[in-house]
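In what follows, a structure is listed as structure tokens, so that the remarks can point back to it.
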Amino acid sequence: MADDLGGAVDRAEGISEAPGLNTAGPASSGCLAVAVPEPPARGGAVAGVRRRISGKRCHQGAASVPAGAAGTPRGGPRAGKLGGERQEVVPGAPVPLRTLVINLDQRQDRWRGVRGRLGPLQSAGCLSVERLPATDGRCAASQVPASDVAHEWTTDRNARYDGRKGYRAGVRLQLTPGERGCAMSHVRAWREVAAGSCAGDLEQPVLILEDDAVPAEAFCRRLPQLLRRTPSDADVLYLGYIKGAPWRSKVAPGLYEAEYLWTTVGYVLWPRGKLVSSLPVDQPVDNWMGWLSAVRRLRAFAVAPALVSQEQEWDLGSDVRHSDDAVFDA
């Protein structure tokens, strides 16, 4: 929960807490877990594709967006809540994209940072930002049921794509508490998005961001155009990622169909419920989403160049310890 000062700033900027989200623990989904088929073997990791590319991170500062720069994304995202009240939608005017930002209660420093970076985008009418309190897997294991997030995983699937020296298949690992909490936070976000499908609204996407997200300067100019070009049967559009395999196809300028991507720093999700119906997450959450895409259970697309980056490299400055670091220690 934001401190008093942070809460006052949130209200002034129109950034609200995501409504109806139970931070004490997730409800059972009641969904059937679906077995995911294996894709054809690729003969090891893709040549030339590395998970970590040292020294090749493009620095992008907080966006400075002119008023009126945002357009209307495909399907017209729902109006978000500004200052706790429903924003009035003017016919023909751009509709802000509902945005859930995942943030641990104890990391108010990160919330202040991302709030500052997203503030100009919200002021420009591009986003409608809500804070989604993250699940802290280190504090209460009961908040992360095994029916939603498994305890164990193996490197077999990820090793097909991970080109780091020494990474290999056949290693059985325990997901760390941080990984399980991170996955559960995304599961709760997916359920919030999937609620739109219960109302028969399959065309109202939601942007999901982690609190280290840094939007590109061209965010509000490019995103509406790319959303309009995204195929109507898309499940997810990655705005930030690490590429684990060559693109499957080019859909439009700056828009590609993806096979396997890492990181969950920023992605647009349509409320079709495919992620929720495929639970439990049985790998680190970004690997799991990448695998569903690889086996074509999830139709994933990505923008290039990326519209969201991370404040630091994927393995630096994170509250989440990576279980597969043990692969290199073995």
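By convention here, the first residue in the shown sequence is residue 1.
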Item to complete: Determine whether the side chains of Asn287 and Tyr161 contain a donor N or O and an acceptor N or O closer than 3.5 Å.
Response: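 Per modelled atom types, Asn287 and Tyr161 side chains form no pair under 3.5 Å.
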
Worksheet item: After noting the C-alpha distance and the side-chain angles of Arg107 and Asp105, does the key distance pass the salt bridge (charged side-chain N to carboxylate O under 4.0 Å, His left out) rule?
Response: CA-CA 6 Å; Arg107 291 306 304 266; Asp105 286 344; over 6 Å; no

Practice prompt. Keeping to residues at least two apart or across chains, list the ring-ring contact (aromatic ring centres under 6.0 Å, His included) pairs with something in residues 171-194.
Written response: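 Residue pairs with at least one partner in residues 171-194: His186-Tyr267, Trp190-Trp288.
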
Less than 4.5 Å apart, side chain to side chain, heavy atoms only: is that true for [X] and [Y]?
{"X": "Leu100", "Y": "Glu192", "result": "yes"}
{"X": "Leu209", "Y": "Val114", "result": "no"}
{"X": "Thr155", "Y": "Arg168", "result": "no"}
{"X": "Pro284", "Y": "Asp324", "result": "no"}
{"X": "Phe219", "Y": "Leu239", "result": "yes"}
{"X": "Leu118", "Y": "Pro215", "result": "yes"}
{"X": "Asp109", "Y": "Arg112", "result": "yes"}
{"X": "Leu237", "Y": "Val303", "result": "yes"}

Closer than 3.5 angstrom, by distance alone: can the side chain of [X] be matched with the main-chain N or O of [Y] as a donor-acceptor pair?
{"X": "Thr99", "Y": "Leu97", "result": "yes"}
{"X": "Ser185", "Y": "Thr135", "result": "yes"}
{"X": "Arg98", "Y": "Gln204", "result": "no"}

Item to complete: Applying salt bridge (charged side-chain N to carboxylate O under 4.0 Å, His left out), name anything that partners Asp235, two or more places apart in sequence or on another chain.
Response: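 Scan of Asp235 (salt bridge (charged side-chain N to carboxylate O under 4.0 Å, His left out), adjacent residues dropped) gives Arg272, Lys274.
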
Could you report the tightest heavy-atom contact between [X] and [Y], atom names first, then the distance?
{"X": "Gly240", "Y": "Ala306", "result": "CA-CB, 4.3 Å"}
{"X": "Ala146", "Y": "Pro280", "result": "O-CB, 3.6 Å"}
{"X": "Glu210", "Y": "Cys182", "result": "OE2-SG, 4.0 Å"}
{"X": "Arg297", "Y": "Ser278", "result": "NH2-OG, 3.7 Å"}
{"X": "Gly166", "Y": "Val327", "result": "O-CG1, 3.7 Å"}
{"X": "Val129", "Y": "Gln122", "result": "N-OE1, 2.6 Å"}

Partner set under side chain to side chain donor-acceptor pair (under 3.5 Å) for [X], not counting sequence neighbours:
{"X": "Arg299", "result": "Asp233, Glu257"}
{"X": "Gln174", "result": "Glu152"}
{"X": "Asn103", "result": "Arg131, Asp211"}
{"X": "Ser323", "result": "Trp153, Glu179"}

Worksheet item: Could Asp282 and Arg157 be called an ion pair, given the rule that one side-chain N must be under 4.0 Å from one carboxylate O?
Response: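 Yes, this pair counts.
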
Discussion item. Determine whether Asp212 and Val265 satisfy the following criterion, side-chain contact (heavy atoms from CB on, under 4.5 Å), listing intermediate values before the conclusion.
Written reply: CA-CA 7 Å; Asp212 60 345; Val265 64; 3.6 Å; yes

Discussion item. Applying side chain to side chain contact (heavy atoms under 4.5 Å, CB included), can you list everything that pairs with Ser293, at least two apart in sequence or on another chain?
Written reply: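 Partners of Ser293 by the side chain to side chain contact (heavy atoms under 4.5 Å, CB included) criterion, ordered by chain and then number, come out as Arg248, Ala300.
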
Discussion item. If the condition is side chain to side chain contact (heavy atoms under 4.5 Å, CB included), which residues does Ala252 pass it with, not counting sequence neighbours?
Written reply: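 With sequence neighbours excluded, Ala252 shows a side chain to side chain contact (heavy atoms under 4.5 Å, CB included) to Arg229, Leu255, given in chain and number order.
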
Practice prompt. Nearest 0.5 Å please: distance from the CZ atom of Arg188 over to the CG atom of Leu132.
Written response: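 Going from CZ on Arg188 over to CG on Leu132, the span is 5.0 Å.
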
Practice prompt. Take Leu226 and Leu307, measure what side-chain contact (heavy atoms from CB on, under 4.5 Å) needs, and give me the verdict at the end.
Written response: CA-CA 11 Å; Leu226 291 163; Leu307 284 175; 4.0 Å; yes

Fill in: ring-ring contact (aromatic ring centres under 6.0 Å, His included) partners for Tyr238, two or more places apart
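Result, ring-ring contact (aromatic ring centres under 6.0 Å, His included) vs Tyr238: none returned.
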
Worksheet entry | Under the ring-ring contact (aromatic ring centres under 6.0 Å, His included) test, residues paired with Tyr241 that sit two or more places apart |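 Applying ring-ring contact (aromatic ring centres under 6.0 Å, His included) to Tyr241 gives Trp247.
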
Discussion item. Asp162 and salt bridge (Lys or Arg N to Asp or Glu O under 4.0 Å): which single residue from Arg164, Lys165, Arg160 fits?
Written reply: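 That would be Arg164.
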
Worksheet entry | Steps toward side-chain contact (heavy atoms from CB on, under 4.5 Å) verdict (Val236, Leu269) | CA-CA 5 Å; Val236 61; Leu269 184 65; 4.3 Å; yes

